[in-house]
Amino acid sequence: MTDEKLTQEQADEKLIDEAFQELLDRYLESRHRKKVEIITKAFNFARQAHKGVRRRSGEPYILHPIAVARIACCEIGLGSTSICAALLHDVVEDTDYTVEDIENLFGPKIAQIVDGLTKISGGIFGDRASAQAENFKKLLLTMNDDIRVILIKIADRLHNMRTLGSMLPSKQYKIAGETLYIYAPLANRLGLNRIKTELEDLSFKYEHPETYQEIENKLKATQAERETLFEEFTAPIREQLDKMGLPYHILARIKSPYSIWNKMQNKHITFEEIYDILAVRIIFTPKNEEEELNDCFNIYVAISKIYKPHPDRLRDWVSHPKANGYQALHVTLMSNKGQWIEVQIRSERMNDVAEQGFAAHWKYKEGGGSEDEGELSKWLKTIKEILDDPQPDALDFLDTIKLNLFASEIFVFTPKGEIKTMPQNSTALDFAFSIHTFLGSHCIGAKVNHKLVPLSHKLQSGDQVEILTSKSQKVQPSWINYATTAKAKAKIMSILKREKKEFQMQGEDILSDFFKEEGLEYNDENVQKIYMLHNLKSADELTYKIGQKSILLGDAERNVFKDKPAPTSWKKYISFAFGNNKSKQNNVSSQKPSQTLDIDKKKIVKLTPDDLQKHYIIADCCKPIPGDDVLGYIDDNNRIIIHKRQCPIAAQLKTSFGNRLLAVQWEIGKALNFPVNVYIKGIDGIGVLNEVTQIISQQLSVNIHKLNIESNDGIFEGRIQLFVHDVDDVNTICANLKKLEHINKVTRIENFDDQITD
């Protein structure tokens, strides 16, 4: 036994030494100063600290910090300070060593980064608070101290995603969900394009394994066809570039499985209908730094002579880089095969920045403090302003931040001609708040290109915007519907909450005086009687309405406290009776049998017809049916609610209440019917509706519950609500309808009235 143990230890030691040596080799290949000694010291320290500890997968724990350090070095391009911090990132959290110990051994800078990473992971939160949202708040705050903290955290998350297979399914959904919700957008905002794509694909792989595999198989099946197209399309381009004498290489960029699936979901199209799976990337070395921009446009002019460019699809990120530092010239060309193909033109420097983000800026700007980093500082300043406003609801906070994480940019001008970068779909109100809170909160309208527009007006790239204000103007609750940026939404919410608090305080004073006049005690029981009289849900709601003067206290309230039957008592009796009925009807959903509380979260819960009718609730937001990828969520009342895994509400739950998730599997068979909505579109003609209903009702024996068909200029659109057993039924219906000559689009939609855009 001892020999066997010794052999295992020796094998582990060999594995660890090889992994560290590979990290050192890759570090020595980089452009950074070669500080091997301190990296080796950090490795030996971490190795000793984690000695004997294993990961869930069974491998020695130290392999995780080595892998994170390698990602930080090779894939993000960070140097020795970050590599040391990555090697030490779990030491303070998982062992008895302190930040002071790290500082004494490795100096203040490494200790500060390790401390930042430890703060993100640690922390004690109440049951109702979202630990993940709180952690994210801390993560963003540490960005102000040192951006490397967040870069290492992203490297840590990437390695966790790469090794997610050893985790329990419910844990996989939680980690994949928060990765897609927070870390992928964050990597995107920091310009880590390659990492963002991998995080998205890995999340998609664990949340929808079968769909992921289908797309992978289709990509493999169409690979040869794409390679032929790429070679034929780029041959004349290579000829032209050779004449120009610039060193270059051309790559094929294949759309990632997650991007393909996302487009299929958003556009309601099939894999075969996606035309931009292939894009072409031209990466060149400029003659000199000053000529870089000119070279981009010269290449564009040269290739536009070979293929006709799409007039509306030139994207100039060279003159106006994106907020995350991305620079390139995108042009869409018509190939000889009649396909539009996007070509991305980048210099070597631009390509490094596109793949490695701000870390690459440091590589190229040795003096530091470039204007590109100024963009990052601006973004961090916005984040800090949002963080400075207390956000009581962690989910609201996450949503607010997320608005800015994935936004594409537009460029607008102030009246003086200064250029401002704003997220796409920004309104005049967003622009006002982006300049100053005072300007936003007193805004009455705007002039866009010298024409008067309302606050809700959506801005376009190139607009010149002048904000009109009035001192008497106050923030209105409806403004939250006009705001799209995180900053504007956060400020509006903050001002409204402050005003609401003031009304509540006034309401409390009025209510207190009322109780004094009536000789009553100001307690929860008495307050409850009044807010129930007005069908309100809480004391806060009552005091707010009293402060607002929408409730005036008088005889009705006095009668509540009289012993004799008051005029309102019959109302109370009836509402009580209804309450009883309701509780009987909802017995299965609101009062769970004890077995739902004793569910073993480590196991996959099987959904049987009996369980579904007695113990589980189908979420109304996404209406899953058997065959959909789903998860279970235990709510505050211990009810288990079934959501689709890609449902936006489920995305929030995965991020904020991951400990309440259950891995769920359908075992319904064909026992129950579920409502589902199908959208159809095609060319109008005599008998089309008859053909559609015949296929559904007669051939497939499916019950049509609701039908709506509209025809306009020879094109018809229809929405059909059907009762089906599972996803296979829906797929069969869609496949059979697609065979009809006049129909060109059939897709499942979530809600009957969903708007579909081509």
Side-chain angles (χ1 to χ4, degrees), residues 208 210-211 214 260-274 607 609 612-613 616-630 641-650 666 668-758:
H208 306 281
E210 288 171 10
T211 315
E214 270 174 37
I260 291 170
W261 177 75
N262 214 20
K263 194 160 191 176
M264 285 163 66
Q265 297 294 305
N266 294 336
K267 300 271 185 189
H268 295 279
I269 55 178
T270 61
F271 177 90
E272 290 69 28
E273 290 172 284
I274 296 176
L607 276 182
L612 199 63
Q613 289 174 315
Y616 298 92
I617 298 169
I618 295 288
D620 204 42
C621 49
C622 54
K623 303 179 182 72
I625 66 172
D628 285 329
D629 291 333
V630 290
I641 301 171
I642 308 300
H643 285 272
K644 280 187 191 172
R645 286 184 214 160
Q646 78 264 32
C647 162
I649 304 293
W666 296 103
I668 302 289
K670 302 281 184 183
L672 300 175
N673 284 317
F674 296 83
V676 74
N677 300 303
V678 172
Y679 169 87
I680 57 173
K681 185 177 182 179
I683 296 161
D684 200 5
I686 296 166
V688 172
L689 180 58
N690 186 35
E691 288 175 347
V692 168
T693 53
Q694 225 171 10
I695 280 181
I696 296 171
S697 300
Q698 289 181 20
Q699 285 185 28
L700 303 170
S701 303
V702 172
N703 184 20
I704 296 177
H705 181 61
K706 200 154 108 180
L707 178 66
N708 180 10
I709 301 276
E710 288 178 19
S711 179
N712 192 15
D713 293 337
I715 302 292
F716 81 87
E717 284 186 291
R719 286 167 174 77
I720 310 165
Q721 191 173 83
L722 313 159
F723 279 98
V724 297
H725 296 117
D726 52 29
V727 167
D728 288 343
D729 284 0
V730 183
N731 292 341
T732 305
I733 291 163
C734 291
N736 282 339
L737 288 175
K738 273 182 188 170
K739 290 175 188 170
L740 292 176
E741 187 186 347
H742 291 84
I743 291 182
N744 96 323
K745 185 168 196 166
V746 184
T747 186
R748 178 182 166 191
I749 53 176
E750 226 125 88
N751 299 300
F752 193 76
D753 300 319
D754 276 357
Q755 293 302 307
I756 306 296
T757 51
D758 289 326

Indicate yes or no: at least one non-hydrogen side-chain atom of Ile704 is less than 4.5 angstrom from one of Ser697. yes
Can you check whether Thr270's main-chain N or O pairs, donor with acceptor, with Glu273's side chain at less than 3.5 Å? yes
Validation row: Val727, Arg748 side chains within 4.5 angstrom (heavy atoms): yes
Side-chain contact test, heavy atoms from C-beta onward, threshold under 4.5 Å: evaluate it for Ile696 versus Val678 and give yes or no. no
Should Ile709 and Val692 count as side-chain neighbours, where that means a heavy-atom distance under 4.5 Å? no
Looking at side-chain heavy atoms only, is the closest gap between Ile618 and Pro624 below 4.5 Å? yes
Heavy-atom count check: over 12 atoms from other residues, nucleotides or ligands less than 6.0 Å from Glu272 CD? yes
Heavy-atom nearest pair, His725 first then Phe674, reads O-CD1, 3.6 Å
salt_bridge(Lys644, Glu750) N-O dist < 4.0 Å: yes
Can you find a side-chain donor-acceptor pair between Lys706 and Asn677 that sits under 3.5 Å? no
Residue pair Phe723 / Val702: nearest heavy atoms and the distance that separates them: O-CG1, 3.4 Å
Contact between His643 and Ile641 at the side-chain level, heavy atoms closer than 4.5 Å - yes or no? yes
Rounded distance (nearest 0.5 Å) linking atom CD1 of Ile680 with atom CG of Leu740: 8.5 Å
Could you check whether any side-chain N or O of Asp726 sits under 3.5 Å from a backbone N or O of Asp728, counting only pairs where one atom can act as donor and the other as acceptor? yes
Distance col, row Ile686:CD1 vs His742:NE2, nearest 0.5 angstrom, shows 9.5 Å
Between Lys670 and Asp729, is there a side-chain heavy-atom distance shorter than 4.5 Å? yes
Nearest-0.5 Å distance, NZ of residue Lys681 to CZ of residue Phe716: 10.5 Å
Do Ile269 and Ile274 make a side-chain contact, defined as non-hydrogen atoms from C-beta onward lying under 4.5 Å apart? yes
Can you classify the ring geometry of His208 versus Trp261 as parallel (below 30°), tilted (30 to 60°) or perpendicular (above 60°)? tilted
How long is the span from the CD atom in Gln646 to the CD atom in Gln265, to the nearest 0.5 Å? 5.5 Å
Nearest 0.5 Å, please: how far is CG in Asn673 from CD1 in Ile668? 11.5 Å
Treating Arg719 as the side-chain partner and Tyr679 as the backbone partner, does any N or O pair qualify as donor plus acceptor under 3.5 Å? no
Could you grab the distance from atom NZ of Lys623 to atom CD1 of Ile749, nearest 0.5 Å is fine? 10.0 Å
